[in-house]
There are 2 protein chains.
Amino acid sequence: MSETSTIRLSGPMAPRDAWTAERCPMAAAFGLVRNRSTLLILREALYGAERFGDFASRTGLSEPVAAARLKEMVADGLLAQDEYREPGQRARPRYRLTEKGSELAPVLLALKDWADRWIYDDESPIELRHVDCGAPVRVEIRCAEGHEIERANELELLPGPGARRRG
Amino acid sequence: MSETSTIRLSGPMAPRDAWTAERCPMAAAFGLVRNRSTLLILREALYGAERFGDFASRTGLSEPVAAARLKEMVADGLLAQDEYREPGQRARPRYRLTEKGSELAPVLLALKDWADRWIYDDESPIELRHVDCGAPVRVEIRCAEGHEIERANELELLPGPGARRRG
DNA sequence: CGGCATCCTTAGGGATACTG
DNA sequence: CAGTATCCCTAAGGATGCCG
């Protein structure tokens, strides 16, 4: 643990290529989450919120901000909006996670795991368990052979299939 | 896949409790990453950057912004600053990931996995492989029993050990 | 090199009040 | 209830220039 752990840039990546900055999936994904309010709305959507008022009140966001984010997230395909009518009630707008949106869950879980350790000192305010077996859940980095990766220096960075493409 | 997938809020969490918003590990962790520039610097640190000029140029950030972020990240314990002297050279400042900082790697990898699928259509500009076996790497959600979680509705949200504590 | 000072523009976000 | 319209303040970040 004395040595700083970084990802290995070998072969075609060393010395480091400029396009890893220009076409960076991490930055691209962050560009859609973008800000705190989007993250909070994403969290509430994962917790099952569907209605405008719930998003605003449970996140603590002001209504104008909640409205702006919901609109953006629908435009970005993270949420889908429709109307639903509970029996005997008037129709109400509803916002639900798309598959694209719900697949951001690992990002939130990775943030949670990190905060649980480094902010809450392993005493998290919330716990996630596997519904089927009740065991606690965590994010793992694993290769296709099933080996778990514990540190960044077990990783090697290479150009991907989309390295040459433009757009 | 017709049903929207959300985390289950059962027992003490249903109806949803307000403190899941007040003390939210996802939001807490996001509060340290906070903005795009921090993420980019984190990325470069993971790619092995150590010097001010490299952080600024490889991220494309202006120097004032890079300087401000590096300072914040050192204050937040994500980076450690020291001086090093290459043989026959003058001493230079150096910024390296702390353990706290490098453990944010899963967050970046989760963002990458998501973008690879939803932005780059499975043709990523970059690839990460396990150094030992060369197999591609991905983020997995898994419970302590080893079951992989594929969808949010396989998860159950509960109060954690730090639920009652204040601070 | 490795920064800091200054200036400027845009984005994020709260408060308040109002509408269908 | 589900927003929208204003207004205002702060944070994020680029450009330029200077300095040890």
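Proteins come first, then strands; the chains are lettered A, B, ... in the order of their sequence lines, and each starts at number 1.
From A:M26, atom CE reaches atom CG of B:L39 across 8.0 Å, with rounding to the nearest 0.5 Å. In this structure, A:L46 CG and A:I41 CD1 are separated by 12.5 Å, a value rounded to the nearest 0.5 Å. To the nearest 0.5 Å, atom NZ of residue A:K112 and atom OH of residue A:Y120 are 9.5 Å apart.
Across its full length, the helix from C:dC1-D:dG20 to C:dG20-D:dC1 shows an angle of 40° between the axes of its 5 terminal pairs at either end, rounded to 10 degrees.
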Chi angles and distances behind the salt bridge (charged side-chain N to carboxylate O under 4.0 Å, His left out) call for B:R138, B:E140:
CA-CA 6 Å; B:R138 52 182 281 267; B:E140 298 179 358; 3.2 Å; yes
Show, in sequence, the C-alpha distance, side-chain angles and deciding distance for A:L97 and A:L79, and conclude whether the side chain to side chain contact (heavy atoms under 4.5 Å, CB included) test is met.
CA-CA 5 Å; A:L97 282 172; A:L79 298 175; 3.8 Å; yes
I'd like to know whether A:R94 forms a salt bridge (charged side-chain N to carboxylate O under 4.0 Å, His left out) with A:E86, so could you lay out the CA-CA distance, the side-chain angles of the two residues, the decisive distance to 0.1 Å, and finally the verdict.
CA-CA 12 Å; A:R94 172 169 67 168; A:E86 283 180 1; over 6 Å; no
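A nucleotide of DNA chain D counts as in contact with chain A when one of its atoms lies under 4.0 Å from a heavy atom; the first and last such, 5' to 3', are D:dC1 to D:dA5.
If you check the side chains of A:E44 and A:T59, you find no donor sitting under 3.5 Å from an acceptor.
Of all the heavy atoms in A:G162 and A:R23, the pair that sits closest is O-NH2, 2.8 Å.
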The contact string for nucleotides 2-16 of chain C, one letter per nucleotide 5' to 3', using protein heavy atoms under 4.0 Å with B, S and - for base, sugar-phosphate only and none, comes out as SBBB------SBBBB
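Remark: B:E72 engages B:R69 in a salt bridge, criterion side-chain N to carboxylate O under 4.0 Å.
Within 6.0 Å of CZ on A:R36 lie no more than 12 heavy atoms contributed by other residues, nucleotides or ligands.
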